[in-house]
Amino acid sequence: MKLHSIITWRKFMHYPSYDLVYEWEDIFAQEMQLPFHYEWEKGNNRYVRRIPILSRFGLPWSRAFMFEMVPTLHFRRYNTSRIIPCLIDFFLSDEELGLFQRAYRRNPLVLISSREVYEHLKDRHLKLNIAHFPLSISDRYVLDESVLKGKKYDLVLMGRQNPVLMEYLKKYVETHPDLYYVYRIHKNNQFLYFTSRGESLGDVNTRFQYIDLMRKSRIGLYATPGIDAEEEGRGSNGYHQVTPRFLEYIACGCQVLARYKKNADTDYFQLDKICKSLDSYEEFESAMNAVRNTQVDLEQYRSYLSKHRTSVRVRLLKDLISKI
């Protein structure tokens, strides 16, 4: 099988979470010499859903690859033999798997990013051609001495935080007030960042700003979605996949303090080789004290990243489609 394009939403979807996807798409397009097929902005609205003949308008007429954020069950524009989707997040219940099979039945191959989900779907014997296709970090992020020299803060709290780690951190700060960290607040429809010393850093709205701030941190707090019940249902239905933020921390030279549930996905990404799961405040305090004034092992991190670069996933995709 030969691909002819990559479907992208970049002309109209500008949420920060999609910037990571566009980084992956750039590498795939470059390495595989494929053009972008720019998706029709109105292709998934409620009016198109009511008119079946319009639902295929604007789709490529030849084989294409695309990233999908989550499975779509009740109206799926991409249910066609011409498209290979890669599902980034998957939190469907077993009761929804019948709808999932129906929605993806025409796709020649369905790629699943989570090893945990992939193995569960294989055990359920769905009538779909599925393959494990793990997430990655763009080759553009080079980890060298300059990254380590740019460290400014002990800790930067990036994005959504795990409630248990935050409780640990709050307790730690009470007895270690010298911890120099960055936190964010939501105000006027935007996230504003401040330091523990009262400095205002403004907003962080771009991918460049996000990575730049992460690179200035010595430590990153990380948890797989849903590891703690208080986390507002993320990772529900028992799935706890490793997210791209873990790879971002490694690419930015951060020591990682983590909470996660051991599963096929954490085994695949070898989280235990980078950081152990912290299950008590005492473990957190000991780990925080140990990493505050130490630097990462650059060779270990580089070796680790070499297995998870987007260009490595390009080679995997080539191998998978060659077998169709």
Checklist entry - Can you list every pair that meets ring-ring contact (aromatic ring centres under 6.0 Å, His included) and has a residue in residues 272-322, with sequence neighbours left out? => result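 Applying ring-ring contact (aromatic ring centres under 6.0 Å, His included) to every pair that reaches into residues 272-322, excluding sequence neighbours, yields Tyr168-Phe284, Tyr268-His308, Phe269-His308, Tyr304-His308.
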Parallel under 30°, tilted from 30 to 60°, perpendicular over 60°: which one fits the rings of [X] and [Y]?
X: His186; Y: Phe191; result: tilted
X: Tyr78; Y: Trp9; result: tilted
X: Phe67; Y: Phe65; result: perpendicular

Could you check whether any side-chain N or O of [X] sits under 3.5 Å from a backbone N or O of [Y], counting only pairs where one atom can act as donor and the other as acceptor?
X: Ser113; Y: Leu87; result: yes
X: Lys151; Y: Gly253; result: yes
X: Tyr104; Y: Asn129; result: no
X: Asp265; Y: Arg115; result: yes
X: Arg313; Y: Pro134; result: yes
X: Gln33; Y: Gln30; result: no
X: Thr310; Y: Trp24; result: no
X: Glu31; Y: Ile27; result: no
X: Arg184; Y: Phe194; result: no
X: Asn263; Y: Glu116; result: no

For residues [X] and [Y], determine if any side-chain heavy atom of one lies less than 4.5 Å from a side-chain heavy atom of the other.
X: Glu96; Y: Pro71; result: no
X: Ile130; Y: Tyr118; result: yes
X: His176; Y: Asp154; result: no
X: Thr175; Y: Glu285; result: yes
X: Lys152; Y: Tyr180; result: yes

Checklist entry - Would the Phe246 and Tyr260 ring centres measure less than 6.0 Å apart? => result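 That pair fails the under 6.0 Å test.
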Next on the checklist: Could you report the tightest heavy-atom contact between Leu257 and Val291, atom names first, then the distance?
Outcome noted: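 Between these two residues, the closest heavy atoms are CD2-CG2, 4.3 Å.
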Checklist entry - Between Asp203 and Gln209, what is the shortest heavy-atom contact and its length? => result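 Smallest interatomic distance, heavy atoms only, reads O-NE2, 3.9 Å.
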Next on the checklist: Test of understanding: clusters of I, L, V, M, F, W, Y form through side-chain heavy atoms closer than 4.5 Å, transitively. Do Val256 and Val156 belong to the same one?
Outcome noted: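 Yes.
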Checklist entry - Hey, any chance Val204 and Tyr141 share a hydrophobic cluster, counting ILVMFWY side chains that come within less than 4.5 Å of each other, even indirectly? => result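 The answer is yes; both residues are in one hydrophobic cluster.
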Looking at [X] and [Y], does any basic side-chain N land under 4.0 Å from a carboxylate oxygen?
X: Asp279; Y: Arg259; result: yes
X: Asp319; Y: Arg315; result: no
X: Lys170; Y: Glu167; result: no
X: Arg76; Y: Glu68; result: yes
X: Asp94; Y: Arg124; result: yes

Next on the checklist: Check whether Tyr18 forms a cation-pi arrangement with Arg10 (NZ or CZ under 6.0 Å from the six-membered ring centre, at most 45° off the ring normal).
Outcome noted: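 The answer is no; the distance or angle limit is not met.
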Heavy-atom neighbours of [X] [atom1] exceed 12 at 6.0 Å:
X: Lys318; atom1: NZ; value: yes
X: Lys261; atom1: NZ; value: no
X: Tyr15; atom1: OH; value: no

Checklist entry - Tyr222 and Glu248: side-chain donor and acceptor closer than 3.5 Å? => result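 No, Glu248 and Tyr222 have no side-chain donor paired with an acceptor closer than 3.5 Å.
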Next on the checklist: With rounding to the nearest 0.5 angstrom, report the CD to CG distance, Gln241 to Asp89.
Outcome noted: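 So the gap between those two atoms works out to 5.0 Å.
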